[in-house]
Structures are given as structure tokens and as C-alpha cells.
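Report on the structure given below.
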Amino acid sequence: MNDKLKDKNLDDLFEAILCLENMEECYDFFEDLCTILELKSLSQRFQVAKLLNEHKVYSDIVSETGASTATISRVNRSINYGSDGYRIVFERLKEKKDN
């Protein structure tokens with residue numbers, strides 16, 4: 001994790017997220033925590049990351065998600081040069097799907 005991000009407030013937020021037990025609790029918590037626009041932006045970035053992980057081209061991602069090429073580039077940079085957070089999630093989602 002980027003040491004510039006790490007602080008008590010984020011630790012508290014992540015601990016709260018980790019204690020959620022199901023999809024309904026996630027919906028309830030994130031609806032209280034975020035605006036609809038913030039949630040839509042986060043979910044769009046995640047969809048972009050999934051499509052990049054599937055080796056889709058930018059033009060397909062734009063048409064499928066409505067994301068700008070700037071957003072796609074930013075997500076692509078995170079996938080390629082970030083903290084491997086996307087990789088961890090994609091691997092765990094694949095394991096969950098395979099079981």
C-alpha cells in the first residue's frame with residue numbers, strides 16, 4: 001500500500017468494510033457512505049478493470065461502460081503499475097467462481 005494513503009481514518013474505513021457479511025449489507029453501508037455518483041464512478045472503474053483484465057480494447061470498453069479514455073488509461077496504469085489490488089480481487093473472484 002502507498003504509505004501516503006495509510007492513516008487511521010482509512011484503517012477505520014477498511015475495518016468497517018471488512019466486517020460486512022453479505023451483498024445487502026454492502027449495499028446499505030455504501031449507500032449511506034457514498035453518493036450515487038460516487039458509487040457509479042467506482043463501479044464503472046471496476047468494470048473497466050475487469051474488461052482490461054480480459055484484454056478488451058479501449059474502443060470496446062468505451063462503448064460497454066461509457067468510461068472516458070482518460071479513465072480507462074488511469075485504470076490501466078493502476079493495473080500495470082499499481083499495488084496489485086485488482087489482481088488480488090480478480091484472482092479471488094475467479095477462485096470463488098471455480099468453487
Side-chain angles (χ1 to χ4, degrees):
M1 172 181 238
N2 184 338
D3 287 336
K4 294 177 186 177
L5 289 176
K6 193 161 177 56
D7 69 12
K8 174 77 169 100
N9 293 337
L10 269 179
D11 287 351
D12 288 348
L13 174 62
F14 294 152
E15 284 293 329
I17 293 168
L18 289 169
C19 78
L20 298 170
E21 294 181 1
N22 57 47
M23 190 73 71
E24 185 177 340
E25 288 182 2
C26 285
Y27 269 96
D28 291 344
F29 179 72
F30 280 96
E31 185 177 342
D32 288 347
L33 180 67
C34 301
T35 66
I36 292 171
L37 185 58
E38 289 167 335
L39 282 173
K40 294 286 184 185
S41 294
L42 289 170
S43 65
Q44 181 187 60
R45 282 186 217 136
F46 187 69
Q47 291 307 311
V48 166
K50 283 174 50 178
L51 294 171
L52 286 167
N53 191 58
E54 295 168 5
H55 308 290
K56 302 281 182 160
V57 297
Y58 276 35
S59 58
D60 291 341
I61 296 171
V62 168
S63 63
E64 211 169 311
T65 66
S68 68
T69 55
T71 296
I72 297 167
S73 292
R74 220 171 304 127
V75 171
N76 196 41
R77 251 190 324 276
S78 292
I79 290 171
N80 291 316
Y81 306 108
S83 301
D84 286 334
Y86 283 119
R87 181 190 55 76
I88 291 166
V89 167
F90 294 145
E91 285 176 2
R92 293 199 181 142
L93 287 170
K94 185 178 180 331
E95 287 172 11
K96 185 176 179 180
K97 183 180 171 187
D98 291 344
N99 289 328

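None of the values given here were measured: they were computed from a predicted structure.
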Could you tell me whether the side chain of R77 reaches within less than 4.5 Å of the side chain of R74, counting heavy atoms only? yes

Single-linkage hydrophobic cluster, 4.5 Å side-chain cutoff, I88 and L10 together: no

If hydrophobic clusters are built from ILVMFWY residues whose side chains come within less than 4.5 Å, do V57 and L52 share one? no

Is there a path of hydrophobic side-chain contacts, each under 4.5 Å between heavy atoms, that joins V89 and L42? no

Hey, does the side chain of E15 reach the backbone of D11 with a donor-acceptor pair shorter than 3.5 angstrom? no

Exercise: identify the closest heavy-atom pair between Q47 and T65: CB-CG2, 4.1 Å

Counterpart residues, salt bridge (charged side-chain N to carboxylate O under 4.0 Å, His left out), relative to E91 (two or more places apart): R87

Between the main-chain N or O of K56 and the side-chain N or O of D60, is there a donor-acceptor pair closer than 3.5 Å? no

Side chain to side chain donor-acceptor pair (under 3.5 Å) against K94, all qualifying residues, sequence neighbours excluded: D98

Check for me, please, whether F14 and F30 land in the same ILVMFWY cluster - side-chain distances under 4.5 Å, paths through other members count. yes

Here the pair of heavy atoms bringing Y86 nearest to A49 is CE2-CB, 3.3 Å

Across all chains, not counting sequence neighbours, the side-chain contact (heavy atoms from CB on, under 4.5 Å) partners of E38 are C34, T35

Hydrophobic cluster (4.5 angstrom, side-chain heavy atoms) - remaining members for I36: none

With side chains defined as the heavy atoms from C-beta onward, is the minimum distance between E54 and L51 less than 4.5 Å? yes

side-chain contact (heavy atoms from CB on, under 4.5 Å) between L13 and L33, worked out: CA-CA 10 Å; L13 174 62; L33 180 67; 3.7 Å; yes

With rounding to the nearest 0.5 Å, note down the distance linking CD1 in I61 to OG in S68. 11.5 Å

For D12, what residues pass the salt bridge (charged side-chain N to carboxylate O under 4.0 Å, His left out) criterion, not counting sequence neighbours? K8

First locate atom CD of Q44, then atom CG of L37, and finally report the distance between them rounded to the nearest 0.5 Å. 9.5 Å

Which hydrophobic side chains are connected to M23, either touching it within the sub-4.5 Å cutoff or through other members that do? Y27

Sub-3.5 Å donor-acceptor pair from the side chain of T71 to the main-chain atoms of A67, do we have one? no

With clusters defined by side-chain heavy atoms of hydrophobic residues (ILVMFWY) lying less than 4.5 Å apart, directly or transitively, does L39 cluster with F46? no

